[in-house]
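All chains are named by letter (A, B, ...) in the order of the sequence lines, taking the proteins before the strands, and each is independently numbered beginning at 1. This structure is a prediction, so every number in the text was calculated from the model and none was measured.
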There are 2 protein chains.
Amino acid sequence: MAIDVGDVLVALADPTRRQLLGVLAEQGRASATALATRLPVSRQAVVKHLNVLESAGLVAGARAGREVLYQVRTDSVQESARWLADLAATWDRRLLAIKRAAEAPVAPDRES
Amino acid sequence: MAIDVGDVLVALADPTRRQLLGVLAEQGRASATALATRLPVSRQAVVKHLNVLESAGLVAGARAGREVLYQVRTDSVQESARWLADLAATWDRRLLAIKRAAEAPVAPDRES
DNA sequence: TTGAAGTGCTACCCCAGGGTTGCACAATTT
DNA sequence: AAATTGTGCAACCCTGGGGTAGCACTTCAA
């Protein structure tokens with residue numbers, strides 16, 4: 001179930017969702033209703049956000065009796081961070097190569 | 001002008017924008033019209049995306065005669081990656097502390 | 001000086017998604 | 001059994017933003 005970085009980025013792009021993650025990390029585990037009391041939105045909104053976060057692999061929910069307890073999955077956050085760093089590195093190398101080619105003497109090049 | 005990670009995440013959340021960044025990194029520098037020919041959207045759409053990316057600090061545009069050439073700024077991507085990694089580390093420590101507290105023996109308050 | 005190529009801007013369409021309310025159903029508690 | 005608490009839909013509103021078309025303006029090359 002390799003994480004989709006696109007989903008992670010979309011999930012993290014929303015401020016309320018980031019705030020929700022912050023509160024959840026602070027609590028350790030918590031239910032949607034419990035989280036809603038510490039956020040400026042309704043319980044249903046929190047549930048929606050939790051679903052998005054769970055689909056992105058940023059959070060895991062497990063039923064415990066009548067309530068569902070959620071928990072942050074820090075590994076997927078770390079994986080996304082690595083992906084971002086790799087992306088930056090790749091672009092860096094490419095840009096460096098281009099710059100070097102531009103400074104090269106008479107390097108023949110194909111371009112359309 | 002410290003970058004706003006929220007802006008970066010929003011900017012990277014869009015697939016077209018990521019594709020645009022990819023093409024731009026591949027080209028080194030390019031104008032909006034040039035980029036539009038290599039993307040499935042119109043020139044105006046590309047311009048909009050470039051504005052978003054520039055506001056997020058992911059791209060820099062400079063006028064060159066009658067055209068504006070854009071270029072990827074990899075440092076802000078790297079900075080965001082670091083921010084994400086730090087965030088994951090913080091949450092990790094916090095969750096670990098919570099877990100340890102939960103597993104701790106019921107240390108009763110002893111006093112005499 | 002004329003025309004082509006590139007940019008800037010405005011208005012507009014359209015829909016994904018963040019937020020809400022309301023109610024039905026399930027699981028505890030008393 | 002009744003009241004309480006929590007979850008799970010479903011319908012709905014409304015703004016934001018991705019995308020387009022159209023036109024005015026600027027720069028460069030014949």
Self-check item: Side-chain donor/acceptor of R18(A) to backbone N/O of A13(A), under 3.5 Å
Solution: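 Yes, the answer is positive, given that a donor and an acceptor are paired below the 3.5 Å cut-off.
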How close or far is atom [atom2] of [N] from atom [atom1] of [X], stated in whole angstroms?
{"X": "E67(A)", "N": "dA26(C)", "atom1": "CD", "atom2": "C1'", "value": "13 Å"}
{"X": "L69(A)", "N": "dG6(D)", "atom1": "CG", "atom2": "P", "value": "12 Å"}
{"X": "R18(B)", "N": "dG18(D)", "atom1": "CZ", "atom2": "C1'", "value": "14 Å"}
{"X": "L50(B)", "N": "dG8(C)", "atom1": "CG", "atom2": "P", "value": "10 Å"}
{"X": "L53(B)", "N": "dG17(D)", "atom1": "CG", "atom2": "P", "value": "14 Å"}
{"X": "N51(A)", "N": "dA10(D)", "atom1": "CG", "atom2": "P", "value": "13 Å"}
{"X": "H49(B)", "N": "dT20(D)", "atom1": "NE2", "atom2": "C1'", "value": "12 Å"}
{"X": "R63(A)", "N": "dC25(C)", "atom1": "CZ", "atom2": "C1'", "value": "11 Å"}

Practice problem: Scan V47(A) against the nucleic acid and name what it touches under 4.0 Å (heavy atoms): base, sugar-phosphate only, or nothing. | Solution: nothing
Exercise. Identify, between R66(B) and Y70(A), the residue whose nearest nucleotide on DNA chain D lies closer to the 5' end.
Key: Y70(A)
Quiz item: In Å and rounded to the nearest 0.5 Å, what is the CD to CG distance from E79(A) to L84(A)?
Solution: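 Going from CD on E79(A) over to CG on L84(A), the span is 12.0 Å.
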Quiz prompt | Interatomic spacing from NZ in K48(A) to OG1 in T16(A) - rounded to 0.5 Å | solution = 12.5 Å
Practice problem: Check whether more than 12 heavy atoms from other residues, nucleotides or ligands sit under 6.0 Å from atom CZ of R73(B), and answer yes or no. | Solution: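 At most 12 heavy atoms, drawn from other residues, nucleotides or ligands, come within 6.0 Å of this atom.
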Quiz item: Should T16(B) be listed as having a side-chain N or O under 4.0 Å from OP1 or OP2 of dG19(D)?
Solution: yes
Quiz item: Just to confirm, is there a sub-4.0 Å distance from OP1 or OP2 of dT20(D) to any side-chain nitrogen or oxygen of S42(B)?
Solution: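 So the side chain of S42(B) is within the cut-off, an N or O lying under 4.0 Å from OP1 or OP2 of dT20(D).
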Quiz prompt | Earlier contact from the 5' end, DNA chain C, for A64(A) and A32(B) | solution =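 Nearest nucleotide further toward 5': that of A32(B).
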Practice problem: With the side chain of D14(B) defined as its heavy atoms from C-beta on, choose the nearest nucleotide among dG6(D), dG8(D), dG18(D). | Solution: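 Within the option list, the nearest is dG18(D).
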Any N/O donor-acceptor pair, [X] side-chain to [N] base, under 3.5 Å:
{"X": "Q44(B)", "N": "dG18(D)", "result": "no"}
{"X": "K48(A)", "N": "dG17(C)", "result": "no"}
{"X": "R43(A)", "N": "dG19(C)", "result": "no"}

Quiz item: Quick one: does L9(A)'s side chain get under 4.5 Å of W83(A)'s, heavy atoms only?
Solution: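 Contact flag for L9(A)/W83(A) side chains = yes.
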